[in-house]
Each structure stands twice: as C-alpha cells, then as structure tokens.
Undergrad: 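Take this structure first; my questions come after.
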Amino acid sequence: MAGDVSIDEIMDGYKRFFKTPFKSGFTEYEDFALICGLTRDKKRIEDALNLVYSELKTWEEGHFRREGSFENMFNNLERRVWEPDELERIAASEIIYHKLEKLPVRKILF
C-alpha cells in the first residue's frame with residue numbers, strides 16, 4: 001500500500017473481513033468503530049456502532065469474559081468512540097508500541 005488512503009477504503013476492507021468472522025476476538029470490530037470515531041462524523045460513527053452491536057450481540061458471552069459482559073464491552077467502546085482526544089492518544093501509543101515511528105505517514109482521507 002502506498003500513498004494516502006480514504007476512510008471508505010478502510011471501512012470497505014473491514015466489512016469484507018467481517019463477512020467471514022473470526023470469532024476468537026473482537027479487536028477488528030473495536031478498531032472499525034474507533035477509526036470511524038476519528039472522522040468525528042456522527043452518521044459514520046452511529047453506523048459503525050450499529051454494525052458492531054448487531055454483529056457481536058449474537059456472540060456467546062464467553063467472548064467478553066475479560067470485559068465482564070457484552071454490554072460492558074460495548075458501553076466502553078461507545079464511550080471511547082465519541083472521545084476524539086482519547087482516540088488520538090490510542091493511535092499515538094499504538095505507533096510507539098508497534099515501533100512504527102519510522103514508517104512513512106499515510107494520511108487517512110475523510
């Protein structure tokens with residue numbers, strides 16, 4: 001992948017992935033919603049949260065044991081998605097954690 005990427009391309013990639021769900025974790029669903037949160041676009045955020053909710057509510061509660069329950073996980077995700085400063089902090093910490101500081105910066109086009 002080279003150059004800038006549009007938010008729609010990112011979302012389409014996640015949606016293609018969701019067509020064959022990998023039910024060992026829900027990280028990709030969280031990432032999908034958080035990336036939509038970075039856009040600060042109310043409709044895009046609401047659509048992402050609706051997709052995540054409708055997909056994950058059918059999973060067995062055991063998948064959410066660490067969070068206590070599906071509702072706890074979803075409420076926490078929803079809170080984080082609506083806090084853009086928190087999202088920027090998460091992105092910055094992930095860049096450091098994964099040692100990506102030297103990679104070229106790709107802009108996400110909203």
Side-chain angles (χ1 to χ4, degrees):
M1 185 164 92
D4 299 338
V5 63
S6 77
I7 191 71
D8 292 326
E9 291 171 318
I10 294 170
M11 298 301 98
D12 288 344
Y14 275 100
K15 288 176 183 176
R16 282 192 306 274
F17 175 80
F18 295 153
K19 287 183 180 179
T20 54
F22 182 66
K23 290 191 175 182
S24 71
F26 50 87
T27 301
E28 291 81 6
Y29 290 94
E30 287 183 310
D31 291 347
F32 176 78
L34 291 168
I35 291 169
C36 286
L38 286 171
T39 69
R40 300 178 184 187
D41 178 324
K42 182 180 178 183
K43 173 144 177 41
R44 192 180 301 272
I45 294 168
E46 289 173 348
D47 289 348
L49 288 170
N50 287 334
L51 183 145
V52 170
Y53 187 88
S54 66
E55 292 288 324
L56 297 185
K57 75 176 182 179
T58 64
W59 289 22
E60 294 177 17
E61 274 296 316
H63 290 285
F64 310 103
R65 188 172 311 125
R66 189 183 72 205
E67 292 74 22
S69 69
F70 166 73
E71 290 300 325
N72 286 348
M73 180 284 302
F74 188 79
N75 290 337
N76 182 39
L77 175 62
E78 188 173 33
R79 179 190 53 76
R80 291 184 296 148
V81 165
W82 289 107
E83 295 178 10
D85 293 338
E86 173 71 4
L87 299 175
E88 290 171 10
R89 186 198 60 71
I90 291 169
S93 69
E94 288 295 307
I95 288 170
I96 293 167
Y97 177 77
H98 294 289
K99 300 179 178 146
L100 303 173
E101 299 94 341
K102 294 183 181 179
L103 289 178
V105 173
R106 305 278 191 252
K107 291 182 182 173
I108 297 176
L109 306 175
F110 301 112

Undergrad: Identify the heavy atoms of Leu51 and Phe32 that sit nearest to each other, and give their distance.
TA: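 Leu51 and Phe32 have their closest heavy atoms at CD2-CE2, 4.1 Å.
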Undergrad: Using side-chain hydrogen bond (donor to acceptor under 3.5 Å, both in side chains) as the criterion, list what pairs up with Glu88, not counting sequence neighbours.
TA: Arg40
Undergrad: Under a 4.0 Å N-O cut-off, is there an ion pair linking Asp8 with Lys15?
TA: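 Not counted as a salt bridge, because no side-chain N and carboxylate O are separated by less than 4.0 Å.
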Undergrad: Between atom CD1 of Ile35 and atom CD1 of Ile7, what is the distance when rounded to the nearest 0.5 Å?
TA: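 Between Ile35 CD1 and Ile7 CD1, I get 6.0 Å after rounding to 0.5 Å.
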Undergrad: Which residues pass the salt bridge (Lys or Arg N to Asp or Glu O under 4.0 Å) test with Lys43, not counting sequence neighbours?
TA: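 By the salt bridge (Lys or Arg N to Asp or Glu O under 4.0 Å) rule, Lys43 matches Asp47.
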Undergrad: Is the distance between the ring centroids of Phe17 and Tyr29 less than 6.0 Å?
TA: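 Here the rings of Tyr29 and Phe17 have centres that are no less than 6.0 Å from each other.
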Undergrad: Mind checking what makes side chain to side chain contact (heavy atoms under 4.5 Å, CB included) contact with Asp31, not counting sequence neighbours?
TA: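 For Asp31 the side chain to side chain contact (heavy atoms under 4.5 Å, CB included) partners, ignoring immediate neighbours, are Tyr14, Thr27.
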Undergrad: May I have the step-by-step check of side-chain contact (heavy atoms from CB on, under 4.5 Å) for Phe26 and Glu67, ending in yes or no?
TA: CA-CA 12 Å; Phe26 50 87; Glu67 292 74 22; 3.5 Å; yes
Undergrad: Give, for atom CZ of Phe74 and atom CZ of Phe64, the distance between the pair rounded to the nearest 0.5 Å.
TA: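 Between atom CZ of Phe74 and atom CZ of Phe64 there are 10.5 Å.
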Undergrad: Could you list the residues that satisfy side-chain hydrogen bond (donor to acceptor under 3.5 Å, both in side chains) with Asn50, not counting sequence neighbours?
TA: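 Asn50: no side-chain hydrogen bond (donor to acceptor under 3.5 Å, both in side chains) contacts found.
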Undergrad: OH of Tyr53 to CE of Met73: how many Å apart, nearest 0.5 Å?
TA: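 The distance works out to 9.5 Å.
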Undergrad: Working to the nearest 0.5 angstrom, can you tell me the gap between Lys42 NZ and Trp82 CH2?
TA: 6.5 Å
Undergrad: Rounded to the nearest 0.5 Å, what separation is found between the CG atom of Leu34 and the CD1 atom of Ile45?
TA: 10.0 Å
Undergrad: Can you tell me how far CZ of Arg65 sits from CD of Glu60, rounded to the nearest 0.5 angstrom?
TA: 10.0 Å
Undergrad: Go through Leu56 and Phe70 one step at a time and tell me if the side-chain contact (heavy atoms from CB on, under 4.5 Å) criterion holds.
TA: CA-CA 8 Å; Leu56 297 185; Phe70 166 73; 3.6 Å; yes
Undergrad: Who pairs with Asp12 by side chain to side chain contact (heavy atoms under 4.5 Å, CB included), at least two apart in sequence or on another chain?
TA: Arg16
Undergrad: Under the side chain to side chain contact (heavy atoms under 4.5 Å, CB included) test, which residues partner Arg66, sequence neighbours left out?
TA: none
Undergrad: On a heavy-atom basis, which atom in Arg44 and which in Cys36 lie closest, and how many Å separate them?
TA: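 Minimum heavy-atom separation between Arg44 and Cys36: CG-SG, 3.9 Å.
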